[in-house]
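Worksheet: the structure to be examined is printed underneath.
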Amino acid sequence: MTACFSQSLIRQLRYRRDLGLLFDPKSGVFHRLRNTVAAEMVELMFSGADDAAVIEQIVARYHVDPARVAADATALVDTLTTPASAPIEGRVPLLDIDKRFDTKLDFPLRLEIELTAVCNWACGFCYNVWKIGPDMTDTEVRRAVKVLPEKHIPTELAMSIIDECAERGCFVMRYSGGETLLHPDAMEIFEHGGRAGMYQVVFTNGHFITAERAARLAAANVRCVLVSIHGDRDTHNRLTGHPRAYDKAIAAMRSLQDAGINVVAEMTLVKGNLNGVLDVVRDVYSLGVREFGVMRYVPTGRHDDRYGIPVSVTMPLVERIDEVLRTECPGMTVAWPCAQKLCTSDTDSPIRSDDPTLGLRLSQLAGHCESGMVWGSVSYDGRLRNCPHSNTYFGSLREQPITQAWPALTDVVHAAVTTRPSCAGCAVADACRGGCHLPAFFTSPVATSLGIPSVGPR
Ligand SMILES: C[S@@+](CC[C@H](N)C(=O)[O-])C[C@H]1O[C@@H](n2cnc3c(N)ncnc32)[C@H](O)[C@@H]1O
Ligand code: SF4
Ligand code: SF4
């Protein structure tokens, strides 16, 4: 029998009691315990019972042989704590866990913190409007951001949010910006998150990633970094307004991979780079990157004519990407993370369960984003909202904990995410939920009744 199975489990995994979920903060894998006895054993272990007490209580409840209980508990812990070489039933990859909750969560399962509003790039499509001069040297940029404390989340606030999350079972922390690494204490915040047992994900333009910083990120349990890349060198530099942006992003991907961090290349799809997607997939594949995200432009209300593209561009692109993956980039995964309508149609077009294109659609389109239901976002000034594209806030975390602010937010989102009459009968309505819910969210009667202003995307 493994010595101290209870201790092995508690050391390696985190437990979200209300949802019966176990989480491995090193691999980002969730385990959902479907077997009642296994769930009871885990509950006992996390309640402080030692091995003998776990065995004793299960024997008393089920009148079975103690040796058998000991062997089962040992096998259970071994299975849960062994890195996955093959899929195991109940073990759920990071993004898939989001799709399976039909009840309201008391507390989010993932949180995104916008560490800073400041950015050294000048992407015209970006929802975040605070830019500092792209002509500055890196030293000038670093000096400039230090005198803009009101544009960064206070370090103590970021750390107290992480502490509350660790306490309440929100184990996945994503950091964004602005340029995330321009928060003067970004590394200290990640290190705090690592110590608190968080699985951490960082969004970056890559500009300030060095080999040393990549190693420090890895040591702080930053397991995944999403690096923005919006085209070939010319297109990327033009869209970001920075002459070194492309080379910096590519160099960052190399350094991060060398440090053992999983790199996801993240492309924002706008009018000006629509034709370059396949080449970007090939380029990052040749660097060893195996995950690619396509974020179709979300309206900001500022330059929508210049950047916006219709939903209907999606399916032809999904087909061409699929061809490239099969013929040139084996092992690469492409996902469209920001809720894309699964029918990929500008007008709702319910899909039948025997639709021959369904498999292809589901191989790339991730389905509903679940923001405000499973995860939330904190702005650089400490306010809670459902996603970073929303400018509707549900209180300041400077004044109240997430525990208090979250219920009103998730109530409004749950009310906004209803099946539209035009989606009736759609076979994938549960996974799709009509795509992005922001338009309904802004006009939701519940939002109005709560006195939340009906405003469009920021
Ligand atoms: C706001 S940035 C922050 C992190 C970092 N500065 C970067 O460039 O990756 C996070 C991601 O959001 C994307 N993004 C910005 N504005 C967007 C919009 N209006 N629609 C969709 N994605 C957008 C960016 O391209 C980037 O990939
Ligand atoms: S639920 Fe609506 S938007 Fe989603 S695929 Fe079906 S018809 Fe299209
Ligand atoms: S609510 Fe809309 S904009 Fe926000 S993350 Fe979801 S799909 Fe994207």
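In each ligand, atom 1 is the first atom listed, and ligand 1 is the first ligand listed. Computation of the quantities below employed the complete heavy-atom set of this structure, encompassing side-chain atoms and omitting hydrogens, waters and symmetry-equivalent molecules.
- Short contacts between ligand 1 and G178, defined as distances under 4.0 Å to a heavy atom of the residue, involve ligand atoms 3 (C), 4 (C), 5 (C), 6 (N).
- Side-chain contact between M198 and C165 is present, with at least one heavy-atom pair separated by less than 4.5 Å.
- Counting atoms of ligand 1 from 1 in the listed order, those under 4.0 Å from a heavy atom of G177 are 1 (C), 3 (C).
- In summary, R302 and D304 do not engage in a salt bridge, as defined by a charged side-chain N under 4.0 Å from a carboxylate O.
- Residue C329 is tested with V334, V289, V324 for a side-chain contact (heavy atoms from CB on, under 4.5 Å); the sole match is V324.
- Protein heavy atom in closest approach to atom 5 (C) of ligand 1: E179 OE1, 3.5 Å.
- Here is the list of ligand 3 atoms found below 4.0 Å of a heavy atom in C338: 3 (S), 5 (S), 7 (S), 8 (Fe).
- In this structure, the protein non-hydrogen atom closest to atom 12 (O) of ligand 1 is Y127 CE2, 4.0 Å.
- In terms of polar-atom proximity, defined here as any N/O pair under 3.5 Å, C119 makes no such contact with ligand 1.
- Atoms of ligand 1 lying under 4.0 Å from any heavy atom of H230, numbered from 1 in the order shown and given with element: 25 (O).
- Residue, atom and distance of the protein heavy atom nearest to atom 8 (O) of ligand 1 are S228 OG, 3.3 Å.
- The shortest heavy-atom distance from G434 to ligand 2 is under 4.0 Å.
- Remark: C119 SG to L182 CG distance equals 7.0 Å, nearest 0.5 Å.
- Rounding to the nearest 0.5 Å places OH of Y380 at 8.5 Å from CD of E150.
- Neither the backbone nor the side chain of L226 has a heavy atom within less than 4.0 Å of ligand 1.
- Residue T204 places at least one N or O, backbone or side chain, under 3.5 Å from an N or O of ligand 1.
- Looking from atom 4 (Fe) of ligand 2 to the surrounding protein, the closest heavy atom is C432 SG, 2.3 Å.
- Contact annotation: the side chain of H31 never approaches that of L21 to less than 4.5 Å [non-hydrogen atoms, C-beta and beyond].
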Before giving the answer on side-chain contact (heavy atoms from CB on, under 4.5 Å), spell out for L22 and R14 the whole-Å C-alpha distance, their side-chain angles and the decisive distance to 0.1 Å. CA-CA 6 Å; L22 283 167; R14 314 290 314 281; over 6 Å; no
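- Evaluated by nearest non-hydrogen atom to atom 16 (N) of ligand 1, the leading choice among C126, G206, C338 is C126.
- Using a 4.0 Å cut-off between charged nitrogen and carboxylate oxygen, R352 and D355 do not count as a salt-bridge pair.
- At a heavy-atom distance under 4.0 Å, atoms from both the backbone and the side chain of C343 approach ligand 2.
- Contact check on R216 versus E188 returns a salt bridge, with a Lys/Arg side-chain nitrogen under 4.0 Å from an Asp/Glu carboxylate oxygen.
- Ranking protein heavy atoms by distance to atom 2 (Fe) of ligand 2, first place goes to C423 SG, 2.4 Å.
- Close contacts between ligand 3 and S371 involve ligand atoms 1 (S), 6 (Fe) [criterion: under 4.0 Å to a heavy atom].
- Separating the OH atom in Y175 from the CD1 atom in I153 is a distance of 10.5 Å, to the nearest 0.5 Å.
- Atom 6 (Fe) of ligand 3 has C369 SG, 2.3 Å as its closest protein atom, hydrogens excluded (heavy atom only).
- Interatomic distance, M295 CE to W336 CH2, rounded to the nearest 0.5 Å: 12.0 Å.
- In N205, the parts holding a heavy atom less than 4.0 Å from any atom of ligand 1 are both the side chain and the backbone.
- The shortest distance between side-chain heavy atoms of T235 and H230 does not fall below 4.5 Å.
- Annotation: atom 20 (N) of ligand 1 to nearest protein heavy atom, V298 N, 2.8 Å.
- You'll find the side chain of W406 stays beyond 4.5 Å of the side chain of P401, heavy atoms only.
- When each atom of ligand 1 is checked for a heavy atom of T300 under 4.0 Å away, the hits are 19 (N).
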Derivation and outcome, side chain to side chain donor-acceptor pair (under 3.5 Å), residues H242 and H236: CA-CA 9 Å; H242 196 289; H236 184 74; over 6 Å; no
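- The single protein non-hydrogen atom nearest to atom 3 (S) of ligand 2 is K341 CE, 3.3 Å, given as residue, atom name and distance.
- Checking each of T204, N120, L115, T116 against L181 for a side-chain contact (heavy atoms from CB on, under 4.5 Å) leaves exactly one that passes, namely T204.
- Within the 4.0 Å heavy-atom criterion, the part of S176 lying near ligand 1 is the side chain and not the backbone.
- Close contacts between ligand 2 and S349 involve ligand atoms 7 (S) [criterion: under 4.0 Å to a heavy atom].
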Checking side chain to side chain donor-acceptor pair (under 3.5 Å) for the pair N205/S228: CA distance, chi angles, key distance, verdict? CA-CA 5 Å; N205 63 25; S228 287; over 6 Å; no
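- R385 and E114 are joined by a salt bridge, as a carboxylate oxygen and a charged side-chain nitrogen come within less than 4.0 angstrom of each other.
- Contact analysis puts H389 in contact with ligand 1, with a non-hydrogen atom separation below 4.0 angstrom.
- Contact annotation for T268 and ligand 1: only side-chain heavy atoms (C-beta onward) come within less than 4.0 Å of the ligand.
- The protein heavy-atom contact nearest to atom 11 (C) of ligand 1 is F203 CE2, 3.6 Å.
- Looking at C387 against ligand 3, only its side chain comes within 4.0 Å, counting heavy atoms.
- Taking a cut-off of under 4.0 Å to the non-hydrogen atoms of P350, the atoms of ligand 2 that pass are 7 (S).
- The distance from ligand 3 to the heavy atoms of H389 drops below 4.0 Å at these ligand atoms: 3 (S).
- Here is the list of ligand 2 atoms found below 4.0 Å of a heavy atom in C426: 1 (S), 5 (S), 6 (Fe), 7 (S).
- Figure legend: R16 and F23 shown without cation-pi pairing, the cationic atom not lying both under 6.0 angstrom from the six-membered ring centre and within 45 degrees of its axis.
- Atom 2 (Fe) of ligand 3 has an N, O or S atom of C436 under 2.8 Å away, backbone or side chain.
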